[in-house]
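Just so you know, residue 1 is the first one in the sequence shown, and it goes up from there.
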Amino acid sequence: MADVRDILDIEVPTTTELTKESILGSDKKNKKKYEYKVPKRPEGMHREVFALLCKDNTDVPPLFPTDTAKGYKQVRAKLGMKKVRPWKWTPFTNPARTDGAVFHHWRRVADAGKEYPFAKFNKKVPIPTYTNAEYVQHLVTNGWTRAETDHLFDLCRRFDLRFIIIRDRWDRAKFSARTVEELKERYYQVCAALTKAKSHTDKVYSFDAEHEKRRKEQLKKLFERTPEQVEEEQTLLAELRKIEQRKKERDRKTQDLQKLITAADHQADPRKSERKPSKKSSSSSRNRPNKTDTSHAKIQNNCFQAVESAGIKFPDFKNSGVSLRSQRIKLPSSLGQKKMKGIEQMLNELSIGNNTCRMILCYYTSNAII
């Protein structure tokens, strides 16, 4: 009631100031203190977890952080001993309005003369302007006149680029009817031309009217689908998912089968002992070898031993005829299919080929001959 009297300028009957005791009363009642026994913490429960469930002051833990540290308890009103601030029915004007309308509202006397607080929410889109010289030099185009362009930019300033409203308010009596895409395209075309003429560093926004028309047509077709068409699309999508799943299953089975074939080849083709030399070779071996031949043979043997120790195997060829030993190179079976594919791809990119040992032999042989 004291606040109402201050607002209505009614004199207070008593000169004493309002206090907490005058409102709540000064008689202190003897309050009984109830002892609250804190339950015992169960065995195996951490102290922090038990503190969340029960505290000494029996407060329930809050669901979100609070500044009062009171949990769910309501903070009592703090009654002061000062008088309330006076309010006054005052007129005001909104700077966002251009018609000069005057309104009235209750306002604190201390806030008299300040700007209307809601005027800061009046945000306007900056619409570029152009002169006659700029229009003649940069903005002349086929299909648009100067009067139509001026009318378009006037509507853009009035309705803050709401092109649906701009198209509705378009003067069809003076000018030909325009679509929303045409209005947008002309506006952004003018903005881009003015930006390029004034600055070469600012970003230019380009509007594609044809793409926007196709997008709206697709949305219209999507919106106008019948329930049968929607059901058919869902069926096709389900079939597509099944096909992709079957393809993944086939690929997985193919990889497993390839691994089994590789393992079987590895077990069925162990290294055989070198075949005995023929009579021709045995008779020729009786002759005294040359020094260069012995050194050449030693280098080849060392090279083959180094390659064999690295894990590369040399399967014996059953076919008769001349063949190089480097053609018998086979990668160890411990390598996976992906690793072998990667090695083959890299050798093909480098134009080396798969017979890497042949290069090693040629290198050592040339050094031995030299």
Side-chain angles (χ1 to χ4, degrees), residues 89-107 111 113-230 233-234:
W89 183 258
T90 56
F92 74 97
T93 57
N94 189 352
R97 297 178 66 99
T98 57
D99 54 357
V102 180
F103 304 95
H104 293 75
H105 65 170
W106 286 101
R107 197 170 190 177
D111 297 338
K114 293 183 179 180
E115 187 181 6
Y116 184 59
F118 293 96
K120 61 183 179 181
F121 298 106
N122 182 38
K123 302 296 182 181
K124 292 185 177 181
V125 180
I127 306 297
T129 57
Y130 50 87
T131 60
N132 294 330
E134 290 176 345
Y135 183 87
V136 173
Q137 188 175 0
H138 305 289
L139 306 181
V140 175
T141 183
N142 295 329
W144 283 85
T145 61
R146 173 66 186 273
E148 284 183 318
T149 306
D150 294 341
H151 182 55
L152 171 63
F153 273 74
D154 181 44
L155 293 177
C156 290
R157 292 186 188 93
R158 287 174 57 190
F159 302 111
D160 291 333
L161 297 183
R162 297 180 178 90
F163 286 96
I164 303 298
I165 304 176
I166 292 172
R167 179 182 177 277
D168 182 69
R169 299 299 178 91
W170 183 261
D171 192 354
R172 295 176 179 82
K174 294 182 179 179
F175 311 108
S176 59
R178 300 283 185 177
T179 61
V180 177
E181 290 78 16
E182 292 176 348
L183 297 175
K184 282 186 178 182
E185 186 179 23
R186 178 56 177 168
Y187 171 78
Y188 288 113
Q189 181 185 3
V190 172
C191 292
L194 293 176
T195 303
K196 289 180 181 179
K198 295 178 181 178
S199 175
H200 298 284
T201 58
D202 296 340
K203 293 182 179 180
V204 177
Y205 177 77
S206 59
F207 178 77
D208 192 353
E210 295 298 328
H211 175 74
E212 186 69 12
K213 290 178 182 178
R214 291 194 302 268
R215 186 183 68 84
K216 289 185 177 180
E217 289 176 0
Q218 292 174 358
L219 288 176
K220 184 179 180 181
K221 292 179 181 178
L222 186 65
F223 181 75
E224 293 177 352
R225 289 181 304 169
T226 60
E228 291 78 10
Q229 292 176 345
V230 175
E233 183 180 358
Q234 296 296 332

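Judged by distance alone, with hydrogens and angles left aside, the side-chain atoms of Tyr188 form no donor-acceptor pair with the main-chain N or O of Tyr205 at under 3.5 Å. The backbone N or O of Asn132 sits nowhere less than 3.5 Å from a side-chain atom of Arg146 that would complete a donor-acceptor pair.
Put simply, CD on Glu233 and CZ on Arg225 are 4.5 Å apart, with the number rounded to the nearest 0.5 Å. The CD1 atom of Ile164 sits 9.5 Å away from the CG atom of Leu183 when rounded to the nearest 0.5 Å. Here NZ of Lys213 is found 8.5 Å from CD of Glu217. Values are rounded to the nearest 0.5 Å. Distance check: Asn94 CG to Asp99 CG gives 9.5 Å after rounding to the nearest 0.5 Å. Interatomic distance, Leu161 CG to Lys124 NZ, rounded to the nearest 0.5 Å: 13.0 Å. Between the CZ atom in Arg107 and the OG1 atom in Thr90 there is a gap of 6.0 Å [rounded to 0.5 Å].
Glu148 and Arg178 are joined by a salt bridge, as a carboxylate oxygen and a charged side-chain nitrogen come within less than 4.0 angstrom of each other. A salt bridge links Glu212 and Arg215; the closest N-O separation between the charged side-chain nitrogens and carboxylate oxygens is under 4.0 Å.
In terms of heavy-atom proximity, Glu182 sits nearest to Ala177 at OE1-O, 4.3 Å.
Under the 30°/60° scheme for interplanar angles, the aromatic rings of Tyr116 and Phe92 are found to lie parallel.
Summarising the local packing, NZ of Lys216 is surrounded by more than 12 heavy atoms from other residues, nucleotides or ligands at distances under 6.0 Å. The environment of NE2 in His211 is sparse: at most 12 heavy-atom neighbours from other residues, nucleotides or ligands sit within 6.0 Å.
In this structure, the side chains of Ile166 and Asp168 stay at 4.5 Å or more apart for every pair of heavy atoms.
Side-chain contact, Arg167 with Thr179: no donor N or O sits under 3.5 Å from an acceptor N or O.
Checking Phe159, Tyr135, Tyr130, Trp144 one by one against Phe153, the ring pair (Phe, Tyr, Trp, His ring centres under 6.0 Å) holds for a single residue, Tyr130.
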